[in-house]
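All remarks here apply to the structure that follows.
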2 protein chains.
Amino acid sequence: MKAKISDAVVNRLPVYRRYLEDLMHEDVERISSNELSKRIGFTASQIRQDLNNFGGFGQQGYGYNIRALYKEINSILGLDQEYRMVIVGVGNLGQAIANHTKYYKNGFPIIGMFDINPKVIGLRINDVVVQDADNLVDFLKENKVDIGIITTEKEAAQGIADRLVQGGVRGIWNFAPRDLVVPKNVSVGNVHVTDTLNSLVYRISHIEEE
Amino acid sequence: MKAKISDAVVNRLPVYRRYLEDLMHEDVERISSNELSKRIGFTASQIRQDLNNFGGFGQQGYGYNIRALYKEINSILGLDQEYRMVIVGVGNLGQAIANHTKYYKNGFPIIGMFDINPKVIGLRINDVVVQDADNLVDFLKENKVDIGIITTEKEAAQGIADRLVQGGVRGIWNFAPRDLVVPKNVSVGNVHVTDTLNSLVYRISHIEEE
DNA sequence: TGTTTTTTGTTATTATTATAACAGTCAAAA
DNA sequence: TTTTGACTGTTATAATAATAACAAAAAACA
């Protein structure tokens, strides 16, 4: 009868992870919800409540052990496993992701890259050669892929998503400015970059009113 | 006594904008909150309530005129103005943004680019030459810049933010995985890309439990 | 032209999320 | 050891956000 964790909480987990990583690099050993609150900007109460959704990781009179908590959060997030990824759409953004060391070296190997543009097909990035997008379905049949990354233009996004789903991916990391329709056993994580610029602009132009 | 618009609403505005743009391209003239609800996935009630924060754009028995509403939302977002931008950090991601036609052609001219890497300093992208980051403060003194884009590594992000603020930018579009400290008259829009991958992974690994 | 249907704007209600409060536990100090 | 103070885990309360309901208005139809 484990209660469903709300999206708000799930979206804060990577934030905790980030701050804990920084704290580890500062060689801090432990931290109270109160101190963490000052850094991270959430209330101490919220921090304690968030963490308690997953277990009692702290200790009264001591706080939280940073290294242990970091490990727990990684485990909660599912980062103790490897996720094999393919990139569809090898433009500037696709290449930026492909070149991001953190991904291909730490649990997120990019094992295939696809595009329809003859100019990039054949290109080699970190020992992976960009293939024709027509090969995508076959590739997915032959290789277990966990996450498909969509960095195509928006018009192609749903079609690619369909092929990725058909090929059995468990998640889609979508950078195209289109919301995707997928079966409910597949998760989508959107990065609607332009949306964030638009809401930033809203805040800029309404900042005086407050 | 205009009530403060919540972040939840502000973050949905770009979504409305995106769907309305698509509808315009489909040459649809009008839409009811109910039909829009089916497309966009928010409840009709929420759509009506969101829009009514800004004015009565619809008409009983008719719905919303798409072209007019699109224009209204652009105006609400502040997209009827121009925002001059600089990019700090011209790696893969910075270049991807610099090359994005939509930005430099539609209200978001990129007028300066900066890096510390001698290999990219001097590089020309869309007629803008990458300068040494040491020139940033001087450049900001001489040119009105509205938005600074941070695409550096996380360690440099806060220092760049300080210089951007000092140089008078109104907003910072931050792609570095660090939360920034800025005065309250400056807005920050974060794109914590890796956070979205982490929460996607959470959802993937917990999808069966539901 | 009158009637029915559609659909909004807006208020009321419910659900969700965040904050506050506090008893109980552990660590550190005396 | 014993006591004090520092914290968590957890429940209670408040704030916020989403949904539902509905009267009023306009459009469509007869």
Side-chain angles (χ1 to χ4, degrees), chain A residues 1-16 19-20 23 28-73 76 199 202-203 210, chain B residues 1-16 19-20 23 28-73 76 179 199 202 210:
Chain A
M1 191 62 80
K2 212 189 292 174
K4 171 81 166 51
I5 304 299
S6 80
D7 278 2
V9 174
V10 173
N11 290 331
R12 280 195 293 270
L13 290 176
V15 182
Y16 292 122
Y19 277 83
L20 289 168
L23 283 161
V28 185
E29 198 181 278
R30 64 173 180 162
I31 195 164
S32 68
S33 57
N34 229 288
E35 286 174 80
L36 187 55
S37 166
K38 279 177 203 152
R39 289 212 177 210
I40 209 169
F42 311 152
T43 63
S45 195
Q46 181 165 66
I47 292 169
R48 293 202 299 277
Q49 216 176 40
D50 281 353
L51 298 177
N52 256 82
N53 284 306
F54 304 99
F57 306 128
Q59 198 163 56
Q60 284 98 329
Y62 174 89
Y64 298 88
N65 179 282
I66 286 164
R67 194 163 294 272
L69 183 57
Y70 178 75
K71 216 175 148 199
E72 288 286 357
I73 286 183
I76 292 163
S199 47
Y202 175 90
R203 292 190 180 92
E210 155 267 3
Chain B
M1 191 62 79
K2 213 188 294 175
K4 171 78 165 53
I5 305 299
S6 79
D7 278 1
V9 174
V10 173
N11 291 331
R12 279 194 294 269
L13 290 176
V15 182
Y16 292 123
Y19 278 82
L20 290 168
L23 283 161
V28 186
E29 197 180 277
R30 64 172 181 165
I31 196 163
S32 68
S33 56
N34 229 286
E35 286 173 81
L36 188 55
S37 166
K38 278 176 204 151
R39 290 212 177 208
I40 210 169
F42 311 152
T43 63
S45 195
Q46 182 165 65
I47 292 169
R48 294 202 298 278
Q49 215 176 40
D50 281 353
L51 297 177
N52 255 82
N53 283 307
F54 304 99
F57 305 128
Q59 197 163 56
Q60 283 99 328
Y62 173 88
Y64 299 87
N65 178 281
I66 286 164
R67 194 163 293 271
L69 184 57
Y70 178 75
K71 215 176 150 200
E72 288 286 357
I73 286 183
I76 292 162
D179 299 316
S199 46
Y202 175 90
E210 156 266 3

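Throughout, protein chains are lettered first and strands after them, A, B, ... in sequence-line order, and every chain is numbered starting at 1.
Within 3.5 Å, a donor on the side chain of B/Q49 pairs with an acceptor on the base of C/dT11, or the reverse. Judged by distance alone, with hydrogens and angles left aside, B/S45 brings a side-chain donor or acceptor within reach of the base of D/dA20, the pair sitting under 3.5 Å.
In terms of heavy-atom proximity, A/A44 sits nearest to A/S33 at CB-O, 3.7 Å.
Comparing D/dA26, D/dC7, C/dT17 by their closest approach to the side chain of A/A8 singles out C/dT17. Distances were taken from every side-chain heavy atom of B/S6 (C-beta onward) to each of D/dA17, C/dA18, D/dT10; the shortest belongs to D/dA17. Here the nucleotide nearest the side chain of B/Q60, chosen from D/dT8, C/dT8, D/dA27, is C/dT8. Out of D/dA27, D/dA18, C/dA18, the shortest distance to the side chain of A/Q46 is found at C/dA18. Checked against D/dA21, C/dC26, D/dA27, the side chain of B/Y62 finds its nearest nucleotide in D/dA27. In this structure, the nucleotide among C/dT8, D/dA27, C/dT19 sitting nearest to the side chain of B/R30 is D/dA27.
Between B/I73 and the choices B/F57, B/Y16, B/F54, the side chain to side chain contact (heavy atoms under 4.5 Å, CB included) rule is met once, by B/Y16.
The phosphate of D/dT19 has OP1 or OP2 within less than 4.0 Å of a side-chain N or O from B/T43. Remark: B/S33 is not in phosphate contact with C/dT7, judged by side-chain N or O atoms under 4.0 Å from OP1 or OP2. Dashed line: the shortest gap from a side-chain N or O of A/Y64 to OP1 or OP2 of C/dC26 is not under 4.0 Å.
Distance A/N65 CG to C/dA27 P: 12 Å, rounded to the nearest Å. The CG-C1' distance, from A/N34 to D/dG5, rounds to 14 Å in whole Å. Rounded to an integer number of Å, the gap from B/I5 CD1 to D/dT16 C1' is 14 Å. Nucleotide C/dT10 holds its P atom 12 Å from the CG atom of B/L51, rounded to whole Å. Straight-line distance from the CG atom of B/L36 to the P atom of C/dG9: 13 Å, rounded to whole Å. In this structure, CD of B/E35 is placed 12 Å from P of C/dT6, rounded to the nearest angstrom. Between A/I47 atom CD1 and D/dG9 atom P there is a gap of 12 Å when expressed in whole angstrom units. Residue A/D50 contributes atom CG, which lies 11 Å from atom P of C/dT17 at whole-angstrom precision.
In terms of position on DNA chain C, the residue among A/G61 and B/I31 whose nearest nucleotide sits closer to the 5' end is B/I31.
At least one test fails for A/R39 against the ring of A/Y19: distance under 6.0 Å to the centre or angle within 45° of the axis.
The distance from the CG atom of A/L36 to the OH atom of A/Y64 is 9.0 Å, given to the nearest 0.5 Å. Note that CD of B/E35 and CD1 of B/I47 are 10.5 Å apart. Values are rounded to the nearest 0.5 Å. Remark: B/L23 CG to B/I40 CD1 distance equals 9.0 Å, nearest 0.5 Å.
Heavy atoms of B/F42 sit nowhere under 4.0 angstrom from any nucleic acid atom.
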